[in-house]
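Chain letters run A, B, ... following the sequence lines, proteins first, then strands; residues in each count from 1.
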Protein chains: 2
Amino acid sequence: MAPAHTEIHRTVRDRLDQNDQRYTTGRRAVVDALAGTEGPITLPELIDVAPTLAQSSAYRNLAVLEEVGVVRRLVHGADHARYELAEDLTEHHHHLICESCGVVRDVTLTPQLERRLDDAFEALSTAEGFAATHHTIDLYGRCADCRS
Amino acid sequence: MAPAHTEIHRTVRDRLDQNDQRYTTGRRAVVDALAGTEGPITLPELIDVAPTLAQSSAYRNLAVLEEVGVVRRLVHGADHARYELAEDLTEHHHHLICESCGVVRDVTLTPQLERRLDDAFEALSTAEGFAATHHTIDLYGRCADCRS
DNA sequence: TTGCTTGCAAATGATTTGCACTGCT
DNA sequence: AGCAGTGCAAATCATTTGCAAGCAA
């Protein structure tokens, strides 16, 4: 289950404190916006939801929040990058990406399949001398809206 | 097994023909460059390998080749996008991405695991009304070179 | 020839940054 | 008070595009 908003804010504050960063109104607005949507959103979408934020401040706050590990920045083909809360604050998930409208939707796999993937990834990493920190799985296609 | 260069060129020419596009010297140079590297490369890397190409022509040729389905464009966090031959011309694979130096390396999973993933993806797509065309799996971390 | 392709230089657009000001602490 | 955060406008930089000239069918 995803943590409630209050718990998210507590975690974010802790993470910022640990990195000598303040939890300002603007940063709180960013976190609220990200916590309030179904999937990762673009910067214009973020500003639609939190119009008090100047564009440059939104970018700067996202960078700080990414730095301390509570926000993740995603890039797919589209014009704008997308941002979401890090998995510590939500839960491990993957993405369905519509190549027509660019929308991104969260999905999850079964724990068994995730476990099998983790095993495979660990074997791969060992074989390659690679130290993996995380993985992403993206499914590209056309969403229900764009098909109708 | 990945097709030999001559076979790759034949396929590319066919694909271009079908789309009323020419297989010019510049396009051939792009395909040769992509076929000659271990993993996906950035535009500056492409131009290092094929210095006869002007930057704008490289971009334009990559766009045409992507259009007809023989090149795939990848975007990860880094500054430049990366390009690789489409899987019709190589084989289905995934990526190990070094967050330190940006290098991307190709890897494959076992056929059994891929099959299980395909099943899971199909179930997901059906449930969401999504029409999936392909998927990507990326493993992020530090490569052997950056660890040493 | 006829039009697609190319190279150059200029334009675009997402993201970043300089700077002066505001607001925490 | 003192410094981090903010907004605005200007700067960056990958990528795209306009245009004149070259090349393939």
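- A:T42 comes within contact range of no nucleotide atom at all, as no heavy-atom separation falls under 4.0 Å.
- Atom CZ in B:R22 sits roughly 16 Å away from atom P in D:dG22 (whole-Å rounding).
- A salt bridge links B:R105 with A:E128: the closest approach of a Lys/Arg side-chain nitrogen to an acidic carboxylate oxygen falls below 4.0 angstrom.
- Positionally, the nearest nucleotide of DNA chain D for A:T25 lies more toward the 5' end than for the other of B:T24 and A:T25.
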ask   = What one-letter contact string describes nucleotides 11-22 of chain C from 5' to 3', where B marks a base within less than 4.0 Å of any protein heavy atom, S marks contact via sugar-phosphate atoms alone, and - marks no contact?
value = ---SBBBB----
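- B:D48 meets the side-chain hydrogen bond (donor to acceptor under 3.5 Å, both in side chains) test with no other residue; sequence neighbours excluded.
- To the nearest angstrom, C1' of C:dG23 lies 18 Å from OH of A:Y23.
- As rounded to whole Å, 18 Å separates atom P of D:dA14 from atom NE2 of B:H76.
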request  = Start with the C-alpha distance between A:H135 and B:H94, add both sets of side-chain angles, then the distance that settles side chain to side chain donor-acceptor pair (under 3.5 Å), and finish with yes or no.
outcome  = CA-CA 11 Å; A:H135 66 265; B:H94 301 294; over 6 Å; no
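- Going from atom CG of B:L65 over to atom P of C:dC4 covers 17 Å, rounded to whole Å.
- Among residue pairs with one or both ends in residues 56-74 of chain A, those qualifying as salt bridge (Lys or Arg N to Asp or Glu O under 4.0 Å) are A:R72-A:E84, A:R72-A:E87; sequence neighbours excluded.
- Taking the six-membered ring where the residue is Trp, A:H76 and A:H95 present perpendicular rings, their angle passing 60° and hence far from 30°.
- The nearest whole Å value for the distance from the CG atom in B:N61 to the C1' atom in C:dG7 is 12 Å.
- Taken from OH in B:Y59 to OH in B:Y83, the straight-line distance is 5.5 Å, to the nearest 0.5 Å.
- The CD atom of B:E67 sits 12 Å away from the P atom of C:dT5 (whole-angstrom rounding).
- A:D20 places its CG atom 15 Å from the C1' atom of C:dC24, with the value rounded to the nearest Å.
- Here D:dA24 presents its P atom at 16 Å from CG of B:D17, a figure rounded to the nearest Å.
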